[in-house]
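Have a look at the structure below before the remarks.
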Amino acid sequence: MNLIEGLNDKQKEAVLTTEGAVLILAGAGSGKTKVLTHRIAYLVHEMKVAPYSILAITFTNKAASEMKERVEKIVGSGAKDIWVSTFHSMCVRILRKTIHRMGYSNQFSIYDAEDQKKLVGQITKDLGLDEKFYPTKKTLSIISSQKNDFISPAQYEAQMLGDFTGTNYSTIYKMYQEKLEKNNSLDFDDLIFKTIQILKECSDVREYYGERFKYILVDEYQDTNNSQFMLVELLASKHRNVCVVGDPDQSIYKWRGANIRNILDFEKKYKEAKIIKLEENYRCTKTILETANEVIKNNINRKEKNLWTQNEEGEQICIYNAYDDRDESMFIASTIVKEVESGNEDYNSFAVLYRTNAQSRVIEELFINKNIPYQLYGGVKFYARKEIKDILAYLKLLVNTRDTLSLERIINVPRRGIGETSMDRLAAYAAQENKTMYEAMLTINEVYELKSVAFKFQAFVDMLEEIKSDLRNKKITEIVEQILEKSTYMQTLKLETTEEARDRVENIYQFIAKAQEYDETREDGTLENFLEEVSLVADIDNYEEQNNTVKLMTLHSAKGLEFPQVFIAGVEEGVFPSYMTLNSVDEDEREEERRICYVGITRARKRLYITYANARKQFGRIVYNAPSRFIEEIPEKYKKDLTIKRKAENSAKIKVISKLSDGLKKHTTFSVSNYNNLVTPSKVAMSFESGDKVSHVKFGFGIIEGVRPAGADYELTINFETVGTKKLMSKFANLERV
DNA sequence: CAGAGACTCGAGGAG
DNA sequence: CGAGTCTCTG
């Protein structure tokens with residue numbers, strides 16, 4: 001295969017300039033992915049570079065696996081040894097081998113935002129600081145910025161010297177870090193931070209990776225932060241063959257610490273750098289591209305560039321001014337239906353993009369109403385759901401018994417009668433013995449003052465130890481099943497008759513299906529690896545072309561994707577640009593909004609719709625927003641207004657069913673599990689009466705004390721020998737007469 | 001210690 | 001409006 005055939009001159013240059021530092025400024029739709037994959041293939045194929053000495057860093061796992069796939073197609077199975085991964089998974093890979101040098105064990109846990117919140121909340125409380133003045137969210141964002149700038153707690157403390165509030169924040173930071181270390185856990189930012197630390201402090205590790213990675217590529221470079229910059233610099237210090245690709249106009253993650261200067265100043269840091277500009281767009285129509293150019297022009301703080309296309313003129317941008325958010329959604333839904341019914345497009349061709357996740361709700365409602373198949377990305381992420389996080393906490397604890405946060409999460413889930421008081425006592429005992437909580441539980445019976453609850457701790461830890469036995473030889477599915485069964489988690493959940501509980505059960509089955517898939521595809525997969533994969537997936541990673549669905553996602557998630565027809569919804573002052581930026585002193589925050597808009601516009605290949613509503617429900621109240629400045633920034637000649645026509649058509653039928661149907665919850669990106677039920681559902685609601693002696697799978701032997709009709713079922717009051725009186729629904733209790 | 005009910009505050013974007 | 005937290009009672 002000729003690797004440069006069909007490429008334009010600039011693209012060729014980008015593929016062929018393999019040595020030294022290279023900065024590729026790649027405008028939207030300029031064939032960046034093609035260039036990257038061909039470049040890698042060229043290295044392997046033509047330059048005979050060993051695949052394992054190539055490192056390619058992408059923004060999402062999805063982009064990584066896509067790139068890997070494409071390279072594999074060209075160079076064959078050798079591609080397996082190329083490291084194509086996100087910053088985070090690359091770091092985990094390094095840390096799993098090396099972090100024992102820093103007082104952690106290689107089985108460390110990875111904490112997500114919720115875990116972080118819990119820790120910081122605890123610490124703030126322990127320090128006696130008022131959460132009103134030290135809100136967890138703010139603290140976390142401070143800690144995150146420090147880590148993104150590679151500033152340690154000690155350095156931050158020094159910086160805050162003499163600043164009362166700042167010193168308090170630095171104290172929290174310090175304690176937070178101590179706690180993480182004690183729990184043998186890392187947060188997301190630590191993954192980068194610790195890797196830098198190890199590379200700096202352990203010269204042999206630095207030597208090893210520095211020597212190994214002869215060619216480094218970094219995609220989406222405009223969204224890297226300072227720590228990531230340092231990391232790349234360290235890894236590339238030896239060979240200095242570093243190729244970064246990005247587009248300053250698409251830098252939309254400043255809030256996450258991204259430093260746009262990394263790309264703007266690349267040539268200053270790497271003086272020898274060769275700069276290649278890819279300015280021909282192959283994706284959009286002239287009109288769409290011009291629209292994007294006109295909008296982004298309004299950013300003062302920006303390097304001019306000239307993105308152009310040979311594509312056809314195309315249609316004007318469709319603007320729709322809705323009465324309210326509901327009307328807006330209706331316009332989107334009926335436009336899609338019309339297009340699909342006319343045979344012009346199928347559902348796959350459409351994406352609806354919005355600024356905030358909350359906006360998806362109304363759109364979904366209308367889609368369900370009109371039977372439009374869709375996939376939603378973002379929102380409450382699958383692995384962030386309570387029930388999934390519970391199971392994950394069990395799993396984490398099995399791997400890393402120092403993970404006290406996970407322990408605390410599940411020690412009383414399902415209820416084991418272990419409350420705060422007991423936990424405090426256990427903690428005190430553990431501290432006194434200088435043991436972890438887990439270790440303390442193992443010897444709990446020796447402690448006189450804990451006698452009353454000791455057996456509960458004992459039962460819990462025994463259960464975990466039992467699951468842990470022969471852990472290496474168990475399939476993940478097996479481990480998960482044992483947890484669900486032995487902890488009675490599944491059973492307890494099934495005893496609840498709420499719709500919510502049913503959803504949870506369903507989610508757990510989906511989780512098991514995921515575990516099964518993992519078992520089947522990863523022969524040598526370990527529990528650690530499974531947990532790691534789960535911790536590091538972004539929602540967008542699960543984006544798969546499912547048969548014919550409209551895609552709903554935030555503008556941020558849409559980065560890197562393209563669709564024939566795109567709707568951008570809620571283009572109003574206060575929504576997009578976000579109200580958070582309207583009064584900000586920082587002009588760049590508003591410019592970042594405009595860059596997000598630029599990203600959104602350039603996702604569209606053929607047709608772009610921009611919609612805005614006069615009124616919209618926000619925070620449960622109705623707000624009235626002006627049309628967004630971004631709409632005004634589009635020259636008249638590129639716009640056509642669909643509003644009047646629609647209004648006439650629809651004025652009669654603006655009543656919509658507001659009730660959310662079940663379908664709303666079925667939006668997850670996972671295929672429905674075909675897994676057989678773990679615990680067989682209850683059979684018959686046989687009749688019991690007071691005085692009957694029964695036996696229950698979990699609670700054991702008991703006597704029925706009362707029977708009360710409840711709906712189609714009966715509520716039984718049962719006095720159990722071991723756990724005392726419980727109220728259970730006859731239908732679900734699975735009782736056996738004794 | 002568990003569960004119900006009151007209450008409060010928040011939703012900007014994500015690996 | 002709704003999720004998460006606090007407080008009260010059994």
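Just so it is clear: chains get the letters A, B, ... in the order the sequence lines come, proteins before strands, and each one is counted from 1.
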Quick one: label Asp112(A) by what it contacts on the DNA or RNA (base, sugar-phosphate, nothing), any heavy atom closer than 4.0 Å.
nothing
Under 4.0 Å between any heavy atoms, over every strand shown, what does Thr421(A) touch: base, sugar-phosphate, or nothing? Just pick one.
sugar-phosphate
Quick check for you: among dG15(B), dG3(B), dG13(B), whose closest atom lies nearest to any side-chain atom of Thr60(A)?
dG15(B)
One thing to verify: whether Glu506(A) and Arg502(A) come together as a salt bridge, which I'm taking to mean a side-chain N less than 4.0 angstrom from a carboxylate O.
no
Return the nearest nucleotide to the side chain of Thr86(A); candidates are dG15(B), dA11(B), dG2(C).
dG15(B)
Pick base, sugar-phosphate or nothing for Gln618(A), based on heavy-atom distances below 4.0 Å to the nucleic acid.
nothing
Measure from CD1 on Ile57(A) to P on dG15(B) and round the result to the nearest Å.
16 Å
Report the distance from atom CD of Glu365(A) to atom P of dC1(C), rounded to the nearest whole Å.
13 Å
Measure the distance from OH on Tyr377(A) to P on dG15(B) and round it to the nearest whole Å.
14 Å
May I ask you to verify if any side-chain N or O of Ser89(A) is less than 4.0 angstrom from the OP1 or OP2 atom of dG15(B)?
no
Find the distance Phe188(A):CZ to dG15(B):P and express it as a whole number of Å.
8 Å
Just call it for Tyr253(A): base, sugar-phosphate, or nothing, with non-hydrogen atoms closer than 4.0 Å on any strand.
sugar-phosphate
OP1 or OP2 of dC1(B) less than 4.0 angstrom from a side-chain nitrogen or oxygen of Ser422(A), does that happen here?
yes
Check whether Phe108(A) forms a cation-pi arrangement with Arg96(A) (NZ or CZ under 6.0 Å from the six-membered ring centre, at most 45° off the ring normal).
yes
Do the side chain of Asp189(A) and the base of dG15(B) come within less than 3.5 angstrom through a donor-acceptor pair of N or O atoms?
yes
Looking at dG13(B), dG15(B), dA11(B), which one has an atom nearest to any side-chain atom of Ala358(A)?
dA11(B)
Within this structure, what is the CD-to-P distance between Glu496(A) and dG3(B), rounded to whole angstrom?
9 Å
Strictly under 6.0 Å, is that where the ring centroids of Tyr354(A) and Phe567(A) end up?
no
With a 4.0 Å cut-off on heavy atoms, is Ile596(A) in touch with a base, just the backbone sugar-phosphate, or nothing at all?
nothing
Between Arg595(A) and Tyr598(A), is NZ or CZ placed under 6.0 angstrom from the six-membered ring centre and within 45° of the ring axis?
no
Could you check whether Arg355(A) gets within reach of a base, just the sugar-phosphate, or nothing at all, counting any heavy atom under 4.0 Å?
base
How close or far is atom C1' of dG15(B) from atom OH of Tyr111(A), stated in whole angstroms?
18 Å
Check ring-ring contact (aromatic ring centres under 6.0 Å, His included) between Phe460(A) and all other residues, then give those that pass, not counting sequence neighbours.
none
Want to settle it: does Lys456(A) or Ser535(A) sit nearer the 5' end of DNA chain B, counting the closest nucleotide to each?
Lys456(A)
Nucleotide dG3(B), atom C1' - distance to CD of Glu500(A) in whole Å
15 Å
Please confirm whether the shortest side-chain N or O distance from Arg361(A) to OP1 or OP2 of dA11(B) is below 4.0 Å.
no
What's the CG-C1' distance between Leu555(A) and dA14(B), to the nearest Å?
14 Å
Test the Lys551(A)-Phe563(A) pair against the cation-pi criterion, namely NZ or CZ under 6.0 angstrom from the six-membered ring centroid and within 45° of the ring axis.
no
Within the structure shown, what part of the strands sits under 4.0 Å from Glu220(A) by heavy-atom distance: base, sugar-phosphate, or nothing?
nothing
With the six-membered base ring of dA11(B) as reference, does the ring of Phe619(A) sit under 5.5 Å away with planes under 30° apart?
yes
Taking NZ, NE, NH1 and NH2 as the nitrogens, is one of them in Arg594(A) or Glu591(A) under 4.0 Å from a carboxylate oxygen of the other?
no
Contact under 4.0 Å: Asn61(A) side-chain N or O vs dG15(B) OP1/OP2:
no
Is there a side-chain contact between Asn412(A) and the phosphate of dA2(B), meaning an N or O under 4.0 Å from OP1 or OP2?
yes
Between dA14(B) and Thr554(A), is there an OP1 or OP2 to side-chain N/O distance shorter than 4.0 Å?
yes
